[in-house]
Amino acid sequence: MSSKFPNLFSITVVLIIGLSLNQACALPPGHSYTKKKSKDFDLIILHTNDLHSHDLPFNENGHLVGGLSKIAYLVSSIKETHNNVIVIDAGDFFQGTPLFQRYGGAVEIEALNEIGYDVVELGNHEFDKGAQYLASQLKQAKFPVLACNLDCSALPALGSFIKAGMIKEINGKKIALIGVITPDLEKKALGLEGVKVKAPAGDWMQPVKEEVEYYQNQGIDKIIVVSHCGVELDKALADAIPSIDLIVGGHSHTILKKPFWVAHPDGNYTAIVQTGCYGRALGDLDLKFDQLGHLIKPKTEYRLISINSNLKDDPQLETYLQEKEKPLLALANNIIGFSDGTFWNHFANMPTDSAIGNLICDAMAEATVNCGVQITFQNRGGIRAKLEKGPISEEKVQEILPFDNKIVCATVSGTILLSLLEYSLSGPHYGAFFDVHGLKITYDAKGLPGKRIISLLVQNKAGDWLPLEKKGAYKIAVNDYNFKGGDGYDFSKATDVKYTNEKLADTLHAYILKHKHVKPSFSHRIMPVSISRLSQFSRVLININSMYSEFHTV
């Protein structure tokens, strides 16, 4: 007699088979299993950006973070369980710690080789020791280097290592990878030696468009751009070129905990990802493409894997890095002073003066007092680390100011001084933004270009604060990077120019050594105001209309 209940043996067999399949297909957290019958294409992107020579773990807020040997172990572990993996770095792997200052990038190249990056985009800091020097270092690279908008015709030795794009074939599917470097490279890097950015008819996106079209004409429908342009330009790029499926970004040090999605009129999307900087995280992106090569947004998964002391190290790379660190341990052990608070360098949302910028500018002023300097400047792009409360090591000073910048003293007119400050206030509050000593500035961030400054006071030798005189002469000090045109500054009309041998990091070192204790303070040197609050500052406003009329004719 038949029963309406299933046979108990059948149920048991089904359960056992089901459990076995689940166990066999178990994946690490953060990854989903795609059944074989699905025709979706699964692609995992592991990515970093702006490592800045932070090859070893470093202390942050009392915890060790980062470390390329830990990233190497993670990458290896994920590759063991997943076949469709591409490992990407979006540039600025050079410059930022004593490791680079001692070994000049050789350690970074070897580490990237050992990790097994599939593709690397150039960043502007790869040119810090010159384009010819970069070419000599790339001879050791085992990974492809991309930048479709870089014209290396003046330096074929470098051009031989740079590709506009490449095809990566995985599991029978072709993926196009295209590199693009920041269009303002010529303002950011002074060691280009004739290398320049391609921008036909002023359109920096044109080389990317041409490269995308090139791969589309080959029938490739999965296109990834590796960008060292910054997240805002990445958004513009995604909006302008809908065929791009993914932009792996860098340059702006932006932490994107989830992809930024750009929607297109045809219903498709471009995803943008970025990890922040210094190897604090490894980006782990699980992409799903449909049969037409379109990115399936709901099925795409993303996480930033925190690189911390809980993770294992790749033994071989860890041993190599520790060996390279040995000659530098004395820097970490040499305590030169103490910080009575934390000096932050998170500048993106800091429209006022910064404590760490003030500290550096004060150190510059003290070092150049014999030159009669009244005013000092420091660009925020040159301040690469924060200073935490507690002992200050010689190593920390070099991490804060890692560049080989020296101080330049010069004289400028009031009109030129005004133009320099207007340029400083013309963009985001990082990079080219100047912190200052000897000035008090009130400005309207929403004002018209060239007319943002409302009040500008200069401190004289007696310590009095006086309005800027347009025909006055002011003695200034600034680092040689900005003085030579870095960040787009124009000091060409300065007079009495004196290039010193005073290295900026040594200046800060001497200042801390002398004062022993430093404390973060905000001197209200740079203060933004809204139009509605201008009346509150009427007692300090000065009439600078005549300055502007002359300024625009200079």
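These numbers were taken from a predicted model, which means no experiment stands behind them. Throughout, numbering of the chain's residues begins at 1 and tracks the sequence.
Taking NZ of Lys79 as the reference point, atom CG of Leu46 lies at 8.0 Å (rounded to 0.5 Å). Rounding to the nearest 0.5 angstrom, the gap separating the CG atom in Asp184 from the CG atom in Leu233 is 7.5 Å. Rounding to the nearest 0.5 Å places CG of Leu51 at 9.0 Å from CZ of Phe93. With values rounded to the nearest 0.5 angstrom, Lys222 atom NZ is found 12.5 Å from Ile167 atom CD1. Atoms OG1 and CG, from Thr48 and Asp92 in turn, are 11.5 Å apart once rounded to the nearest 0.5 Å.
Side-chain contact of His437 with Asn358: a donor-acceptor pair under 3.5 Å is absent, judged by distance alone. Under 3.5 Å, the side chains of His264 and Thr270 contain a donor-acceptor pair of N or O atoms. Donor-acceptor pairing under 3.5 Å is lacking for the side chains of Asp89 and Asn49.
Both the sub-6.0 Å distance and the 45° axial angle are not jointly satisfied by Lys139 relative to the ring of Phe161. Cation-pi geometry between Lys235 and Phe260 is met: the NZ or CZ atom falls under 6.0 Å from the ring centre, inside 45° of the normal. Geometrically, Lys324 engages Tyr103 in a cation-pi contact, judged by NZ or CZ lying under 6.0 Å from the ring centre and within 45° of the ring axis.
A salt bridge is absent between Lys198 and Asp151: the closest approach of a Lys/Arg side-chain nitrogen to an acidic carboxylate oxygen does not fall below 4.0 angstrom. Ionic pairing of Lys312 and Asp314 is not present here: no N-O contact between side-chain nitrogen and carboxylate oxygen is shorter than 4.0 angstrom. Between Lys406 and Asp480 there is no salt bridge, since none of the side-chain N atoms of the basic residue sits less than 4.0 Å from a carboxylate O of the acidic one. Taking a cutoff of 4.0 Å between a charged side-chain nitrogen and a carboxylate oxygen, Asp340 and Lys389 do not qualify as a salt bridge. Salt bridge Glu60/Arg280: present, at least one basic N to carboxylate O contact under 4.0 Å. Using a 4.0 Å cut-off between charged side-chain N and carboxylate O, Asp362 and Arg525 make a salt bridge. Remark: Glu211 does not engage Lys209 in a salt bridge, criterion side-chain N to carboxylate O under 4.0 Å.
No more than 12 heavy atoms of other residues, nucleotides or ligands shown are found within 6.0 angstrom of CG on Asn83. Crowding of Tyr73 atom OH: a count of heavy atoms from other residues, nucleotides or ligands under 6.0 Å not exceeding 12. Heavy-atom contacts from other residues, nucleotides or ligands closer than 6.0 Å to NZ of Lys503 number more than 12. Within a 6.0 Å sphere centred on NZ of Lys258, other residues, nucleotides and ligands contribute 12 heavy atoms or fewer.
Asp506 meets the salt bridge (Lys or Arg N to Asp or Glu O under 4.0 Å) test with no other residue; sequence neighbours excluded. Partners of Phe127 according to the ring pair (Phe, Tyr, Trp, His ring centres under 6.0 Å) rule, which considers only residues two or more places apart in sequence or in another chain, do not exist here.
With ring centers used as reference points, Phe483 lies 6.0 Å or more from Tyr489. Between Phe403 and His125, a ring centre-to-centre spacing shorter than 6.0 Å is recorded. Aromatic pair Phe434/Phe377: ring centres closer than 6.0 Å.
Asn308 has its side chain out of reach of Leu64: every pair of non-hydrogen atoms, C-beta onward, lies at least 4.5 Å apart. Taking the side chain as every heavy atom from C-beta outward, His47 and Val87 never approach each other to under 4.5 Å.
When Lys188, His251, Glu186 are each tested for a side-chain hydrogen bond (donor to acceptor under 3.5 Å, both in side chains) with Asn124, only one passes: His251.
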What verdict does the salt bridge (charged side-chain N to carboxylate O under 4.0 Å, His left out) test give for Lys386 and Glu388, after you've listed the backbone C-alpha separation in whole Å, the side-chain angles of each residue and the deciding distance to 0.1 Å? CA-CA 6 Å; Lys386 66 180 178 180; Glu388 294 190 7; 3.5 Å; yes

Tell me, with the steps shown, if Lys187 and Asp487 meet salt bridge (charged side-chain N to carboxylate O under 4.0 Å, His left out). CA-CA 5 Å; Lys187 291 182 179 179; Asp487 287 331; over 6 Å; no

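Ring planes of Phe58 and Tyr278: perpendicular class, angle over 60° (limits at 30 and 60°).
Between the side chain of Asn333 and the main chain of Leu329, a donor-acceptor pair closer than 3.5 Å is present.
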